[in-house]
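This report concerns only the one structure given below.
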There are 2 protein chains.
Amino acid sequence: MIPKPTNSWIEIRDAIHANILNKTYAAGDKLPRDQDLAQMLGCARSTVQRAMQDLSDRGLVERRRKGGTRIPQDPVTRATLEIPIIRKEVEQKGAVHGYQLINAEMLETPRNIMAGFGLPAPITALRVQALHLADQQPYLLEDRWINIQTVPGVTQIDFARENANEWLLRHKPYDKCDMRFYAIKAGKAEADLLAANLGDALFVIDRTTWINQNPITTVKTIAAPGYQLKTGS
Amino acid sequence: MIPKPTNSWIEIRDAIHANILNKTYAAGDKLPRDQDLAQMLGCARSTVQRAMQDLSDRGLVERRRKGGTRIPQDPVTRATLEIPIIRKEVEQKGAVHGYQLINAEMLETPRNIMAGFGLPAPITALRVQALHLADQQPYLLEDRWINIQTVPGVTQIDFARENANEWLLRHKPYDKCDMRFYAIKAGKAEADLLAANLGDALFVIDRTTWINQNPITTVKTIAAPGYQLKTGS
DNA sequence: GACAATATTAAGTAGCTACATAATAATGAT
DNA sequence: ATCATTATTATGTAGCTACTTAATATTGTC
């Protein structure tokens with residue numbers, strides 16, 4: 001008995017992918033139309049469509065109506081980062097998560113925060129600074145501004161007990177998120193809090209979230225020395 | 001005339017997404033089955049399926065056969081990074097790209113490179129060190145090891161003229177890519193080459209690529225001070 | 001030749017049926 | 001009660017038809 005070709009769209013995708021890898025289809029080339037590929041590979045057009053959609057999502061092919069499918073001239077490396085809540089990240093390393101509130105107060109937003117939020121004038125916002133620990137050791141420093149207009153209930157929360165990272169993600173879903181990654185030199189404040197040396201190179205993630213165009217929060221997370229962010233692909 | 005509901009799967013997706021955002025479906029909740037949702041929203045099950053597939057890809061819902069669709073307890077922030085070839089990146093900033101080869105030689109792989117490649121014993125590999133410029137200013141320092149077993153033709157290439165980043169991406173597609181991001185303090189070598197000060201915090205990207213389980217290349221790219229990596233989502 | 005109007009084309013979408021598969025739930029034997 | 005077996009179920013996939021849409025080609029006019 002024939003073991004049934006089980007033409008999953010993944011096999012079709014991999015078959016086309018293999019032809020890209022082995023240069024049957026090289027940069028700039030135009031691929032056959034879906035219908036023809038379907039016939040060549042012995043499957044339905046909808047299966048090729050699904051395979052192509054995936055390849056297109058990964059940036060391996062470019063598709064245009066009427067224009068057909070082509071291999072892009074300049075390949076782009078696409079990486080997906082998964083950033084869990086900090087407690088989970090610590091626990092996944094097999095460590096015990098700890099949390100300390102450093103400061104929480106209402107303040108006028110400085111210019112750089114206004115810029116991140118896309119606001120023309122300063123507003124009063126809740127600034128929360130806190131330290132995350134892994135096995136009692138400093139792990140991440142969190143410097144956060146929360147828009148109290150978008151998150152009204154937030155002023156009632158005791159961030160000495162609740163961790164702002166987790167509280168916001170659980171209670172205030174977002175529909176847009178901007179992130180940026182860079183390196184800074186540890187100043188006195190960061191060095192003290194993170195048990196680092198003055199001048200150490202620290203990895204920083206800036207993140208701003210919105211809901212319906214309204215800024216929710218912007219946070220600067222400074223990692224302790226040695227931190228590495230890895231892709232999961 | 002009714003303007004026709006044009007039930008695109010995107011509208012269905014957004015309708016479900018809206019119900020997640022407004023807490024109709026909260027963390028831990030189980031959603032109705034696709035068939036029921038389809039009836040509720042007035043579309044076919046296949047349309048709900050497509051919408052759900054997308055929400056699932058974004059980590060907004062978790063789907064399991066028989067188990068149904070649920071909102072995950074701990075939301076994960078998923079960010080997609082697009083890393084173009086360096087020349088493109090420089091040009092996109094409106095600057096002129098320049099390239100200088102620093103050194104290219106055949107060497108035994110040290111332990112850390114072996115580890116990245118997943119090799120038990122050292123091999124002889126091609127090490128290429130080069131500097132990328134933006135408007136004559138140092139932009140990125142590239143320290144690369146190329147596996148000459150996987151990329152045999154590479155020994156013939158004159159990397160004083162051709163830029164390794166581009167040559168490899170164009171001539172040696174990969175099917176697996178690991179990346180990691182971190183910060184380092186500029187040593188004397190980096191400071192000199194990148195026109196930085198000794199001890200400056202520098203942003204680093206490590207990248208290793210494979211084809212059919214065989215390592216192709218591993219590269220450490222050190223950015224000049226001020227570099228930021230941003231998400232495009 | 002230059003440009004606007006029109007036709008054609010290949011991907012995209014919606015909806016359908018039928019079946020596969022992996023979990024979970026129910027059942028039965030010990 | 002415990003464990004293995006079997007049934008059930010909701011999602012996943014393959015394939016089909018029909019129609020839409022955005023580009024690109026073609027044609028026609030000046």
Side-chain angles (χ1 to χ4, degrees), chain A residues 1-20 24-25 27-73, chain B residues 1-20 24-73 76:
Chain A
M1 193 163 117
I2 300 155
K4 203 184 185 192
T6 182
N7 266 332
S8 93
W9 64 272
I10 289 178
E11 288 177 55
I12 299 298
R13 179 199 63 190
D14 291 345
I16 299 168
H17 189 186
N19 278 332
I20 297 172
T24 303
Y25 306 130
D29 284 6
K30 188 167 159 182
L31 273 64
R33 18 193 294 252
D34 290 5
Q35 223 168 69
D36 296 340
L37 273 173
Q39 200 170 4
M40 287 156 68
L41 296 166
C43 67
R45 175 164 86 94
S46 54
T47 306
V48 173
Q49 162 80 20
R50 229 168 312 179
M52 282 296 194
Q53 202 51 257
D54 191 52
L55 292 171
S56 171
D57 286 347
R58 292 162 189 258
L60 288 163
V61 301
E62 263 174 9
R63 280 161 78 74
R64 320 174 62 169
R65 280 171 158 150
K66 163 86 183 177
T69 306
R70 334 185 124 264
I71 311 292
Q73 203 58 254
Chain B
M1 191 163 115
I2 301 156
K4 203 180 183 195
T6 182
N7 267 335
S8 92
W9 65 271
I10 290 179
E11 288 178 54
I12 299 297
R13 180 199 63 190
D14 290 346
I16 298 168
H17 189 187
N19 279 332
I20 297 171
T24 303
Y25 306 129
D29 284 6
K30 188 167 161 182
L31 272 64
R33 21 195 292 253
D34 291 5
Q35 222 168 71
D36 296 340
L37 273 173
Q39 200 169 4
M40 288 157 69
L41 296 166
C43 67
R45 175 165 88 94
S46 54
T47 307
V48 172
Q49 162 79 22
R50 229 168 313 179
M52 282 298 195
Q53 202 49 259
D54 191 51
L55 292 170
S56 171
D57 285 346
R58 291 162 190 258
L60 288 162
V61 301
E62 263 174 9
R63 280 160 78 73
R64 321 176 61 169
R65 280 171 158 152
K66 163 87 182 178
T69 307
R70 339 185 119 263
I71 310 292
Q73 204 58 253
V76 175

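Hydrogens, waters and symmetry mates play no part in the numbers below; they use all other heavy atoms, side chains included.
- Of the residues in residues 48-62 of chain B, those placing a heavy atom less than 4.0 Å from an atom of DNA chain D are B:Q49, in numerical order.
- Spacing between atom CG of B:D34 and atom P of D:dT13 amounts to 12 Å, rounded to whole angstrom units.
- Listed by first and then second residue, the salt bridge (charged side-chain N to carboxylate O under 4.0 Å, His left out) pairs involving residues 37-53 of chain A amount to none (not counting sequence neighbours).
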Give me the distances for all protein-to-nucleotides 16-18 of chain C N/O pairs that come in under 3.5 Å?
none

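- Among residues two or more places apart in sequence or in another chain, the side-chain contact (heavy atoms from CB on, under 4.5 Å) test is passed with A:D57 by A:Q53.
- Rounded to whole Å, atom P of D:dG15 lies 14 Å from atom CD of A:Q35.
- In terms of heavy-atom proximity, A:C43 sits nearest to A:V48 at SG-CG2, 3.7 Å.
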Provide a list of protein-nucleic acid N or O atom pairs under 3.5 angstrom, restricted to nucleotides 6-9 of chain C.
| unit_1 | atom_1 | unit_2 | atom_2 | d |
| --- | --- | --- | --- | --- |
| C:dT9 | O4' | A:K66 | NZ | 3.1 |

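- In terms of heavy-atom proximity, A:G28 sits nearest to A:Q73 at CA-NE2, 3.8 Å.
- For the pair B:K30 NZ and D:dA10 C1', the interatomic distance rounds to 8 Å; values are reported in whole Å.
- Between the C1' atom of D:dT11 and the CZ atom of B:R70 lies a distance of 14 Å, rounded to the nearest Å.
- For the residue pair A:L60 and A:P72, the shortest heavy atom distance occurs at O-CD, 3.4 Å.
- Partner of B:I12 under the side-chain contact (heavy atoms from CB on, under 4.5 Å) criterion, out of B:L37, B:L55, B:D54, B:T47: B:T47 alone.
- Listed by first and then second residue, the salt bridge (charged side-chain N to carboxylate O under 4.0 Å, His left out) pairs that reach into residues 62-71 of chain A are A:D34-A:R63, sequence neighbours excluded.
- Residues meeting the side-chain contact (heavy atoms from CB on, under 4.5 Å) test with A:N19, sequence neighbours left out: A:N22, A:T24, A:Y25.
- Taking atom CH2 of residue B:W9 and atom P of nucleotide C:dT13, one finds them 7 Å apart after rounding to whole Å.
- Taking 4.0 angstrom as the limit, A:R63 places a side-chain polar atom (N or O) nearer than this to OP1 or OP2 of C:dG12.
- When the P atom of D:dG12 is taken as reference, atom CD of A:E11 falls 19 Å away, rounded to whole Å.
- Looking at residues two or more places apart in sequence or on another chain, you find a side-chain contact (heavy atoms from CB on, under 4.5 Å) between A:D36 and A:P32, A:R33.
- Between A:T47 and D:dT13 there is no side-chain N or O to OP1 or OP2 distance below 4.0 Å.
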